[in-house]
Amino acid sequence: MDLVGEVVSLLSRYGYLVVFFGVMAESAGVPLPGETILLAAGALAQRGVLDPGDVLLFGFLGAVAGDQLGYWAGRRGGRRFVLRWGRHVSLTPERLAVAERFFDRHGGKAVFLARFVAGLRVFGALVAGIGRMRWRTFLLFNALGGAVWASAAVLAGYLLGGSLALAERWAGRAGVLLALAGVTGVLLYLLYRWLRGHRALLERAAGRLSDGLPGAFLRSRAGAWLVRRLSPGEVYGLTLTAGLVLTGLFSWAFGGVVEDVVSRDPLVRVDLEILRFVHAHGEPGLTAGVAAFEAVFSPEVLLPAAALAGTGLLLAAWRGVAGFYEGLSGAVLLASALGTGVLVWLFKLFFDRPRPPASLQLVHEAGQGFPSGHAMAAFTVGAALCYAVFLRRPGSRLGSWRAKARAAVVWAALVLLVGAGRVYTGAHYPSDVLAGWALGGVWSSVCITTAEVFRRLHAEKAVSGGGAG
């Protein structure tokens, strides 16, 4: 019997004890396959052998408790103690030194990131203890990392667990993907830190390049065209290029979802698994709250409100009551609302995909479901409002970077909550929501890019007009 088969056998006999103690032992420094345990437990939860909520709970508790043991072992025993016993679990002085340097540089963030890297997950708590990291800091990042890691592993096992054979084939691959995601995040963060700390070196390197072959290319006609396309100051420069790239990316994402839905690829099977899981764990109180939230942020409310607000701002700017930026914000709001309504209606009519069956709906809705109008409206109207905030000048109300960042975070949170709510109530398949977000990204990119080009043309005309006067 292979490793996954042995883990499944143990889980079938001893259940949550294997989840808790297996994950705890790995987190404390014992090289056990904690990730494989959670993946297999998620697969068994999909088959009804284990409860998915309990698997998540015991996996999270095991991760936090194990890391606490490792932390106190490193803090009380010190480096000599850890190396003395660590040699039995392949913890060499060289590996410990690498981990120590990583933790010294990144502090609490390293505790979170270590959860997603197999080697660091086993030794991370010990290293944090040796370095005498503040316990409160360690506990906070330990709990956050444990919650995200356990949830991702159990969910992966659950979605792949339609048959245990499928889960066994993919368990190792899913673990590798989680580890690669963690490593990629760490490398990107380290690259960002290095670039930020070596500005002078980068400027010297850019100067040398400009004198060589790359510089000669950039001075050529083709190079000059490329520079203009990437120049932040050009009307048809970086703004237009970035807008076209975003439009292409969102269009590609929408096309990918459409292809999977039309050909009934695995995405459609995952749709059903998620809806069955949500329906089995619905709570009446939560359902009522989600239904009320969805009614407030429905396209029937958002689109007319955005269209009226946009029209009002345009009229105010036309009559001179409001300025150019307010009128431009109104135009983006109006275009976002009207375009969203038309696109949702056309694509629903074209694909004619019915909503999930009534047996999987917590709140009954009929008609076509692809793409999700709720998801697209939340994306496009929210993006238009964010654009209006970003047009505010420093010193004015909502003109600070903090206010703009807060608006972007609120928009992203609402978009995610609206989409999750549609899936929770069973009004849409997850692929309906993904398609709504992707189509919303296409239309928002078109509207905002057009507005930005128009804004820059207006600014350029104002400058040239002022110079002529």
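Heavy-atom basis, side chains included; hydrogens, waters and symmetry copies ignored.
- Side-chain atoms of E259 do not come within 3.5 Å of backbone N or O of G256 as any donor-acceptor pair.
- In this structure, CG on L313 lies 11.0 Å from CG on L308, to the nearest 0.5 angstrom.
- The distance from the CG atom of L302 to the OG atom of S336 is 11.5 Å, given to the nearest 0.5 Å.
- Residues R455 and L391 have side chains in contact (heavy-atom distance under 4.5 Å, counting atoms from C-beta outward).
- Nearest approach of A150 to L56, heavy atoms of both residues: O-CD2, 3.8 Å.
- Atom OG1 of T287 sits about 4.5 Å away from atom CG of L362, to the nearest 0.5 Å.
- The two residues S431 and R353 come nearest to each other via the heavy atoms OG-NH1, 2.8 Å.
- Relative orientation of the F379 and W411 rings is perpendicular, given thresholds of 30° and 60° on the angle between their planes.
- To the nearest 0.5 Å, atoms CD (Q368) and CZ (F350) are separated by 13.0 Å.
- For the pair V332 and T450, the minimum side-chain heavy-atom distance is 4.5 Å or more.
- Separating the OG1 atom in T311 from the CG atom in L338 is a distance of 7.5 Å, to the nearest 0.5 Å.
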Given the rule in the side chain to side chain contact (heavy atoms under 4.5 Å, CB included) test, do V446 and W443 qualify, once you have shown the distances and angles that lead to the verdict? CA-CA 5 Å; V446 170; W443 186 237; 4.1 Å; yes
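- Heavy-atom minimum distance, V55 versus V19: O-CG1, 3.9 Å.
- Under the 4.5 Å side-chain criterion, counting only non-hydrogen atoms from C-beta, L244 is not in contact with T449.
- You'll find the side chain of V290 reaches within 4.5 Å of the side chain of L286, heavy atoms only.
- Listed for the W437 side chain is no donor-acceptor partner under 3.5 Å among the backbone atoms of S372.
- Between F347 and F351, the ring-plane angle classifies as parallel under the 30° and 60° cut-offs.
- Nearest heavy-atom pair across A306 and A337 is CB-CB, 3.9 Å.
- Of the possible donor and acceptor atoms, one in the side chain of D432 sits under 3.5 Å from a partner among the backbone N and O of Y429.
- Proximity of a side-chain donor or acceptor of E326 to a complementary backbone N or O of A316 within less than 3.5 Å is not detected.
- The two residues G323 and A317 make their nearest non-hydrogen contact at O-CB, 3.6 Å.
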Start with the C-alpha gap between T425 and Q361, add the side-chain angles, then the distance that decides, and say whether side chain to side chain contact (heavy atoms under 4.5 Å, CB included) holds. CA-CA 6 Å; T425 59; Q361 290 189 14; over 6 Å; no
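- Within a 6.0 Å sphere centred on CZ of F324, other residues, nucleotides and ligands contribute more than 12 heavy atoms.
- Between the OG atom of S329 and the CZ atom of R392 there is a distance of 8.5 Å, given to the nearest 0.5 Å.
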Where do V258 and F370 land on the side chain to side chain contact (heavy atoms under 4.5 Å, CB included) test, with the steps shown first? CA-CA 9 Å; V258 168; F370 186 90; 3.8 Å; yes
T340/T380 under side-chain hydrogen bond (donor to acceptor under 3.5 Å, both in side chains): CA gap, chis, key distance, verdict: CA-CA 7 Å; T340 297; T380 55; 2.8 Å; yes
Test side chain to side chain contact (heavy atoms under 4.5 Å, CB included) applied to W318 and L314, step by step: CA-CA 6 Å; W318 180 60; L314 278 173; over 6 Å; no
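- Side chains of V23 and L38 form a contact here, defined as non-hydrogen atoms less than 4.5 Å apart.
- In this structure a side-chain-to-backbone donor-acceptor pair under 3.5 Å is present from H428 to G369.
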With side-chain hydrogen bond (donor to acceptor under 3.5 Å, both in side chains) as the test, would you mind laying out the steps for Y387 and S444 before giving the verdict? CA-CA 10 Å; Y387 179 68; S444 292; over 6 Å; no
Ring pair (Phe, Tyr, Trp, His ring centres under 6.0 Å) between F293 and F297: does it pass, once the steps are laid out? CA-CA 6 Å; F293 175 81; F297 290 96; 4.8 Å; yes
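- Shortest non-hydrogen contact noted between P299 and P304 is O-CD, 3.4 Å.
- Remark: E365 engages R355, R422 in a salt bridge (charged side-chain N to carboxylate O under 4.0 Å, His left out) (not counting sequence neighbours).
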